[in-house]
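Structure, as C-alpha coordinates:
Values below: all heavy atoms of this structure, side chains included; hydrogens, waters and symmetry mates excluded. Values in this document were obtained by computation on a predicted structure and should not be read as measured data.
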Amino acid sequence: MLNMSSVSADGSPDLTARARIREAAMHLFGETGFRATTVRAIAERAGVSAALVVHHFGSKEGLREAVDDQLADQIRRDEFATMTGAVIPDPSMMRAESERFAPAMAYLARALSEDANVGRHLYDRLLHDAVDYLRAGEESGLVAPTNDPLARAAVLLNTSLAQTLLQPHIMRALGEEDPIDLTLRLTGPALDLFTEGLFTDSRIRDAWNAPLTDQESR
(Lines give C-alpha, C1' and ligand atoms only; values in the text may rest on other atoms or scores of the structure.)
Protein backbone atom coordinates (compact mmCIF):
# COMPACT_ATOMS: atom_id res chain seq x y z
CA MET A 1 0.00 0.00 0.00
CA LEU A 2 1.91 2.97 -1.27
CA ASN A 3 1.27 6.69 -1.24
CA MET A 4 4.09 8.35 -3.11
CA SER A 5 3.16 11.92 -2.22
CA SER A 6 6.11 13.47 -0.45
CA VAL A 7 5.87 13.66 3.31
CA SER A 8 7.98 15.46 5.84
CA ALA A 9 9.59 13.87 8.89
CA ASP A 10 6.42 14.28 10.97
CA GLY A 11 4.24 12.62 8.30
CA SER A 12 2.60 15.80 7.03
CA PRO A 13 2.57 16.70 3.31
CA ASP A 14 5.92 18.06 2.15
CA LEU A 15 5.27 21.09 -0.05
CA THR A 16 8.82 22.41 -0.20
CA ALA A 17 10.50 23.22 -3.48
CA ARG A 18 12.83 20.27 -2.96
CA ALA A 19 9.87 17.91 -2.64
CA ARG A 20 8.12 19.40 -5.68
CA ILE A 21 11.28 18.93 -7.75
CA ARG A 22 11.61 15.32 -6.64
CA GLU A 23 7.95 14.60 -7.47
CA ALA A 24 8.27 16.26 -10.88
CA ALA A 25 11.38 14.22 -11.62
CA MET A 26 9.68 10.96 -10.67
CA HIS A 27 6.79 11.71 -13.02
CA LEU A 28 9.02 12.71 -15.94
CA PHE A 29 11.54 9.91 -15.45
CA GLY A 30 8.64 7.47 -15.55
CA GLU A 31 6.99 9.08 -18.56
CA THR A 32 9.98 9.70 -20.83
CA GLY A 33 12.93 7.95 -19.18
CA PHE A 34 15.98 9.26 -17.35
CA ARG A 35 18.11 10.03 -20.39
CA ALA A 36 15.38 11.87 -22.29
CA THR A 37 14.36 14.03 -19.34
CA THR A 38 16.17 17.34 -18.97
CA VAL A 39 16.78 19.38 -15.85
CA ARG A 40 14.93 22.25 -17.52
CA ALA A 41 11.85 20.09 -18.08
CA ILE A 42 11.88 19.00 -14.44
CA ALA A 43 12.23 22.60 -13.30
CA GLU A 44 9.31 23.71 -15.48
CA ARG A 45 7.07 20.95 -14.15
CA ALA A 46 8.00 21.77 -10.55
CA GLY A 47 7.54 25.49 -11.10
CA VAL A 48 11.11 26.40 -10.18
CA SER A 49 14.30 27.41 -11.96
CA ALA A 50 16.82 24.94 -13.35
CA ALA A 51 19.41 26.58 -11.09
CA LEU A 52 17.34 25.65 -8.05
CA VAL A 53 17.22 22.02 -9.16
CA VAL A 54 21.02 21.97 -9.35
CA HIS A 55 21.26 23.80 -6.03
CA HIS A 56 19.22 21.16 -4.22
CA PHE A 57 20.45 18.01 -5.95
CA GLY A 58 23.74 18.87 -7.64
CA SER A 59 22.91 17.10 -10.90
CA LYS A 60 20.27 15.06 -12.65
CA GLU A 61 21.98 11.92 -11.32
CA GLY A 62 21.78 13.27 -7.79
CA LEU A 63 18.09 13.96 -8.33
CA ARG A 64 17.52 10.42 -9.57
CA GLU A 65 19.19 9.07 -6.44
CA ALA A 66 16.85 11.21 -4.33
CA VAL A 67 13.85 9.83 -6.22
CA ASP A 68 15.10 6.29 -5.60
CA ASP A 69 15.52 7.02 -1.90
CA GLN A 70 12.02 8.48 -1.67
CA LEU A 71 10.52 5.50 -3.45
CA ALA A 72 12.39 2.89 -1.42
CA ASP A 73 11.76 4.68 1.89
CA GLN A 74 8.02 4.84 1.20
CA ILE A 75 7.83 1.17 0.25
CA ARG A 76 9.76 0.25 3.38
CA ARG A 77 7.48 2.30 5.63
CA ASP A 78 4.30 0.94 4.09
CA GLU A 79 5.45 -2.68 4.12
CA PHE A 80 6.55 -2.42 7.74
CA ALA A 81 3.11 -1.02 8.60
CA THR A 82 1.45 -4.03 6.95
CA MET A 83 3.82 -6.64 8.33
CA THR A 84 3.49 -5.38 11.90
CA GLY A 85 -0.31 -5.12 11.73
CA ALA A 86 -0.42 -1.33 11.88
CA VAL A 87 -2.29 -1.25 8.56
CA ILE A 88 -4.71 -3.90 7.26
CA PRO A 89 -5.40 -3.09 3.58
CA ASP A 90 -8.87 -3.43 2.07
CA PRO A 91 -10.09 -2.98 -1.53
CA SER A 92 -11.09 0.68 -1.14
CA MET A 93 -7.74 1.54 0.41
CA MET A 94 -5.94 -0.44 -2.28
CA ARG A 95 -7.76 1.45 -5.06
CA ALA A 96 -6.99 4.86 -3.56
CA GLU A 97 -3.34 4.06 -2.94
CA SER A 98 -2.88 2.42 -6.34
CA GLU A 99 -4.13 5.58 -8.04
CA ARG A 100 -1.63 7.69 -6.09
CA PHE A 101 1.16 5.21 -6.72
CA ALA A 102 0.66 5.02 -10.51
CA PRO A 103 3.47 7.51 -11.34
CA ALA A 104 5.83 5.63 -9.03
CA MET A 105 4.97 2.35 -10.78
CA ALA A 106 5.85 3.93 -14.12
CA TYR A 107 9.11 5.22 -12.69
CA LEU A 108 9.94 1.85 -11.14
CA ALA A 109 9.37 0.04 -14.45
CA ARG A 110 11.61 2.53 -16.28
CA ALA A 111 14.34 2.47 -13.66
CA LEU A 112 14.59 -1.32 -13.60
CA SER A 113 14.54 -1.77 -17.36
CA GLU A 114 16.16 1.33 -18.84
CA ASP A 115 19.60 1.35 -17.21
CA ALA A 116 21.49 -1.60 -15.72
CA ASN A 117 23.35 0.51 -13.16
CA VAL A 118 20.23 2.33 -12.00
CA GLY A 119 18.28 -0.90 -11.83
CA ARG A 120 20.99 -2.72 -9.90
CA HIS A 121 21.21 -0.20 -7.09
CA LEU A 122 17.44 0.19 -6.76
CA TYR A 123 16.78 -3.54 -6.87
CA ASP A 124 19.40 -4.24 -4.21
CA ARG A 125 17.86 -1.64 -1.91
CA LEU A 126 14.36 -3.04 -2.40
CA LEU A 127 15.59 -6.59 -1.84
CA HIS A 128 17.38 -5.91 1.42
CA ASP A 129 14.46 -3.83 2.68
CA ALA A 130 12.19 -6.80 1.88
CA VAL A 131 14.37 -9.02 4.07
CA ASP A 132 13.90 -6.53 6.93
CA TYR A 133 10.14 -6.13 6.72
CA LEU A 134 9.55 -9.85 6.22
CA ARG A 135 11.60 -10.43 9.36
CA ALA A 136 9.35 -7.92 11.10
CA GLY A 137 6.41 -9.96 9.83
CA GLU A 138 7.89 -13.07 11.42
CA GLU A 139 8.34 -11.25 14.71
CA SER A 140 4.74 -10.03 14.63
CA GLY A 141 3.46 -13.55 13.91
CA LEU A 142 2.07 -12.67 10.47
CA VAL A 143 4.75 -14.37 8.36
CA ALA A 144 5.99 -17.95 8.64
CA PRO A 145 9.74 -18.37 9.25
CA THR A 146 12.16 -19.52 6.55
CA ASN A 147 15.70 -20.88 6.50
CA ASP A 148 16.67 -18.61 3.58
CA PRO A 149 15.34 -15.07 4.21
CA LEU A 150 17.21 -13.52 1.29
CA ALA A 151 15.91 -16.00 -1.29
CA ARG A 152 12.36 -15.70 0.03
CA ALA A 153 12.55 -11.92 -0.16
CA ALA A 154 13.78 -12.20 -3.76
CA VAL A 155 10.88 -14.47 -4.73
CA LEU A 156 8.29 -12.11 -3.27
CA LEU A 157 9.96 -8.99 -4.64
CA ASN A 158 10.30 -10.52 -8.10
CA THR A 159 6.61 -11.45 -8.07
CA SER A 160 5.66 -7.88 -7.26
CA LEU A 161 8.04 -6.34 -9.79
CA ALA A 162 6.89 -8.69 -12.54
CA GLN A 163 3.38 -7.27 -12.24
CA THR A 164 4.83 -3.78 -12.72
CA LEU A 165 7.19 -4.62 -15.58
CA LEU A 166 4.73 -6.85 -17.44
CA GLN A 167 1.62 -4.78 -16.82
CA PRO A 168 0.77 -4.12 -20.51
CA HIS A 169 0.97 -7.84 -21.31
CA ILE A 170 -1.04 -8.83 -18.23
CA MET A 171 -3.75 -6.28 -19.03
CA ARG A 172 -4.02 -7.56 -22.59
CA ALA A 173 -4.08 -11.22 -21.59
CA LEU A 174 -6.70 -10.71 -18.86
CA GLY A 175 -8.80 -8.28 -20.89
CA GLU A 176 -8.39 -5.42 -18.43
CA GLU A 177 -8.28 -1.81 -19.62
CA ASP A 178 -7.61 -0.05 -16.33
CA PRO A 179 -4.36 -0.74 -14.43
CA ILE A 180 -6.07 -0.13 -11.08
CA ASP A 181 -8.75 -2.71 -11.88
CA LEU A 182 -5.96 -5.09 -12.86
CA THR A 183 -4.18 -4.56 -9.54
CA LEU A 184 -7.37 -5.25 -7.58
CA ARG A 185 -8.11 -8.35 -9.67
CA LEU A 186 -4.64 -9.80 -9.09
CA THR A 187 -4.54 -9.01 -5.39
CA GLY A 188 -7.15 -11.60 -4.43
CA PRO A 189 -5.39 -14.59 -6.06
CA ALA A 190 -2.05 -13.35 -4.70
CA LEU A 191 -3.44 -13.23 -1.17
CA ASP A 192 -4.91 -16.73 -1.65
CA LEU A 193 -1.46 -18.01 -2.58
CA PHE A 194 0.24 -16.23 0.31
CA THR A 195 -2.40 -17.35 2.83
CA GLU A 196 -3.51 -20.81 1.72
CA GLY A 197 -0.68 -21.89 -0.58
CA LEU A 198 -1.00 -23.44 -4.04
CA PHE A 199 -0.44 -27.19 -3.66
CA THR A 200 -2.76 -29.48 -1.73
CA ASP A 201 0.10 -31.56 -0.32
CA SER A 202 3.89 -31.56 -0.03
CA ARG A 203 4.82 -34.15 -2.69
CA ILE A 204 6.53 -31.66 -5.05
CA ARG A 205 8.47 -29.98 -2.24
CA ASP A 206 9.43 -33.38 -0.83
CA ALA A 207 10.72 -34.49 -4.24
CA TRP A 208 12.71 -31.26 -4.55
CA ASN A 209 14.26 -31.66 -1.10
CA ALA A 210 14.95 -35.39 -1.39
CA PRO A 211 18.25 -35.13 -3.34
CA LEU A 212 19.57 -32.64 -0.80
CA THR A 213 18.56 -34.90 2.05
CA ASP A 214 20.20 -37.94 0.41
CA GLN A 215 23.42 -36.01 -0.23
CA GLU A 216 23.57 -34.66 3.33
CA SER A 217 23.17 -38.17 4.73
CA ARG A 218 26.24 -39.52 2.89
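Residues R125 and D73 are paired through a salt bridge, judged by an N-O separation under 4.0 Å between the basic side chain and the carboxylate. Between E61 and R64, at least one side-chain nitrogen of the basic residue sits less than 4.0 Å from a carboxylate oxygen of the acidic one, meeting the salt-bridge criterion. Using a 4.0 Å cut-off between charged side-chain N and carboxylate O, R203 and D206 make no salt bridge. A salt bridge links E97 with R100: the closest approach of a Lys/Arg side-chain nitrogen to an acidic carboxylate oxygen falls below 4.0 angstrom.
Side-chain contact check for T32 and T37: at least one donor-acceptor pair (N or O, by modelled atom type) lies under 3.5 Å. A donor and an acceptor atom, one from each side chain of Y133 and D78, are nowhere located under 3.5 Å apart.
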| task | Start with the C-alpha distance between M93 and V87, add both sets of side-chain angles, then the distance that settles side chain to side chain contact (heavy atoms under 4.5 Å, CB included), and finish with yes or no. | result | CA-CA 10 Å; M93 183 187 300; V87 173; 3.9 Å; yes
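The hydrophobic cluster containing F101 also contains L157, counting ILVMFWY residues as joined when their side-chain heavy atoms lie under 4.5 angstrom apart, directly or transitively. In terms of hydrophobic clustering, with Ile, Leu, Val, Met, Phe, Trp and Tyr side chains grouped at heavy-atom distances under 4.5 Å, L142 and L134 are assigned to a common cluster.
How far CD of Q70 is from CD1 of I75: 10.0 Å, rounded to the nearest 0.5 Å. One distance of note links CG of L198 with CG of D192; it measures 10.5 Å at 0.5 Å rounding.
For R120, the CZ atom sits in a packed shell: over 12 heavy atoms of surrounding residues, nucleotides or ligands are nearer than 6.0 Å.
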